[in-house]
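What follows is a set of notes on a single structure, which appears directly below.
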Amino acid sequence: MVEDWQHFLLPYQQTVNELKIKLRGIRKQYQDETQHSPIEFVTGRVKPVDSIKEKMIRRHVQEDRLEQDMQDIAGVRIMCQFVEDIYQVVDLLRQRSDMTILEERDYISNAKPSGYRSYHIVIEYPVQLITGEKRILAEIQIRTLAMNFWATIEHSLNYKYQGEFPEELSARLQRAAEAAFKLDNEMSEIREEIQEAQTMFSNRTPGDQNIPDR
Ligand code: 0O2
Ligand code: 0O2
């Protein structure tokens with residue numbers, strides 16, 4: 001039995017915190033250079049203990065195998081404006097020397113039957129503890145804002161229906177996923193125009209925004 005979950009999860013919390021800071025740092029650097037950032041925002045969480053226990057039962061994970069077999073105890077999510085940004089982020093992550101990519105799962109080219117789309121990367125990340133270095137597995141999910149919108153809503157419905165959606169709802173969710181996919185494609189078509197406008201806007205200093213006096 002894992003007797004002290006708080007103790008067990010501490011290095012995972014450290015991993016999530018460090019990854020959030022590092023990934024948000026990428027966005028800051030693009031902003032500093034007034035370039036379009038492929039990262040819109042970053043969130044992260046340590047999987048709640050109840051979800052860990054539930055997944056251990058569902059996936060037949062033995063407690064002594066938990067660290068190796070449950071890859072998403074530490075999870076960070078990177079949201080992007082455009083599908084193209086996702087692949088740029090993946091390239092950035094592949095070049096980093098502070099983490100090792102173990103697995104990549106492309107649920108964008110291969111959407112899940114539910115309609116779920118995202119790019120998943122499993123990394124091994126070294127955290128420095130007072131007892132020395134520990135290599136922690138973490139899952140990075142990279143998705144567009146539209147994919148995130150769909151996944152967030154589908155996830156909350158999942159809680160209500162415990163994954164057993166009525167057929168009609170399931171079909172509607174699949175159609176909604178298609179619509180989100182179309183939205184992403186439409187946005188990609190006008191990406192250059194959008195980015196030009198965003199760069200122009202971010203170049204303006206507060207003083208020259210020409211806000212009329214009241
Ligand atoms: P700001 O100034 O609000 O943008 P923490 O790691 O403590 O900073 P926390 O509470 O752990 O944040 O939350 P989490 O879930 O890791 O990340 C939430 C961050 O995502 C917040 O940023 C939200 O503002 C940001 N966020 C959530 N939804 C959106 C969205 O639709 N668009 C954008 N641009 N950002 C979003 P911060 O870091 O708290 O700062
Ligand atoms: P959370 O923290 O509630 O998000 P498995 O859990 O067995 O399906 P596996 O093989 O370990 O998954 O990894 P996979 O499929 O690469 O990633 C699982 C995670 O992807 C899920 O975590 C979700 O965050 C997300 N995901 C996968 N499929 C769907 C889906 O159909 N809808 C939504 N909304 N999210 C999905 P968890 O375990 O659900 O945890």
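No experiment lies behind these values; they were computed from the predicted model shown. FYI, the numbering just counts along the sequence from 1. Both ligands and their constituent atoms are indexed starting at 1 by order of listing. Only heavy atoms go into these numbers, but all of them, side chains included; no hydrogens, no water, no symmetry mates.
- Distances below 4.0 Å separate heavy atoms of K55 from the following atoms of ligand 2: 6 (O), 11 (O), 38 (O).
- Set against the non-hydrogen atoms of A151, the atoms of ligand 2 under 4.0 Å away are 34 (N).
- In terms of protein heavy-atom proximity, atom 2 (O) of ligand 2 is closest to R45 NH2, 2.8 Å.
- Distances from atom 15 (O) of ligand 2 to the heavy atoms of R105, K112, R59 show the closest one on K112.
- Per-residue contacts place Y107 under 4.0 angstrom from the following atoms of ligand 2 (heavy atoms of the residue considered): 14 (P), 15 (O), 16 (O).
- Using a 4.0 Å cut-off to heavy atoms of K47, the atoms of ligand 2 that qualify are 2 (O), 37 (P), 38 (O), 40 (O).
- When hydrogens are left out, the protein atom nearest atom 26 (N) of ligand 2 is Y116 CZ, 3.5 Å; that is the closest non-hydrogen contact.
- Interface atoms of ligand 2 facing S114, defined by a heavy-atom separation under 4.0 Å, are 30 (C), 31 (O).
- Each of I86, L92, I78 was checked for a side-chain contact (heavy atoms from CB on, under 4.5 Å) with P38, and the lone residue meeting it is L92.
- In summary, R172 and E168 engage in a salt bridge, as defined by a charged side-chain N under 4.0 Å from a carboxylate O.
- Note on ligand 2: Q141 sits in its first shell, one or more heavy atoms being nearer than 4.0 Å.
- Within 6.0 Å of the CD atom in E133, the count of heavy atoms belonging to other residues, nucleotides or ligands exceeds 12.
- Nearest to atom 17 (O) of ligand 2 by heavy-atom distance, out of H120, H155, E154, R58, is H120.
- Every residue two or more places apart in sequence or in another chain that forms a side chain to side chain contact (heavy atoms under 4.5 Å, CB included) with L66 is listed here: V2, W5, F8, I52, M56, V61, M70, I73.
- Of the heavy atoms in Q71, none comes closer than 4.0 Å to ligand 2.
- Each of the following atoms of ligand 2 lies closer than 4.0 Å to a heavy atom of D72: 22 (O), 38 (O).
- Between the R24 side chain and the V42 main chain, a donor and an acceptor come within less than 3.5 Å of each other.
- Residue V16 is not grouped with residue L137 when hydrophobic side chains (ILVMFWY) are merged at heavy-atom distances under 4.5 angstrom, including chains of intermediate members.
- Within the structure, ligand 2 has R77 among the residues with a heavy atom less than 4.0 angstrom away.
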From CA spacing to verdict: salt bridge (charged side-chain N to carboxylate O under 4.0 Å, His left out), D69, R59:
CA-CA 9 Å; D69 290 357; R59 298 286 297 258; over 6 Å; no
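- Taking the six-membered ring where tryptophan is involved, the planes of W150 and Y116 are tilted, since the angle between them lies from 30° to 60°.
- Using modelled atom types, one finds a donor on one side chain and an acceptor on the other under 3.5 Å when comparing N17 with Q13.
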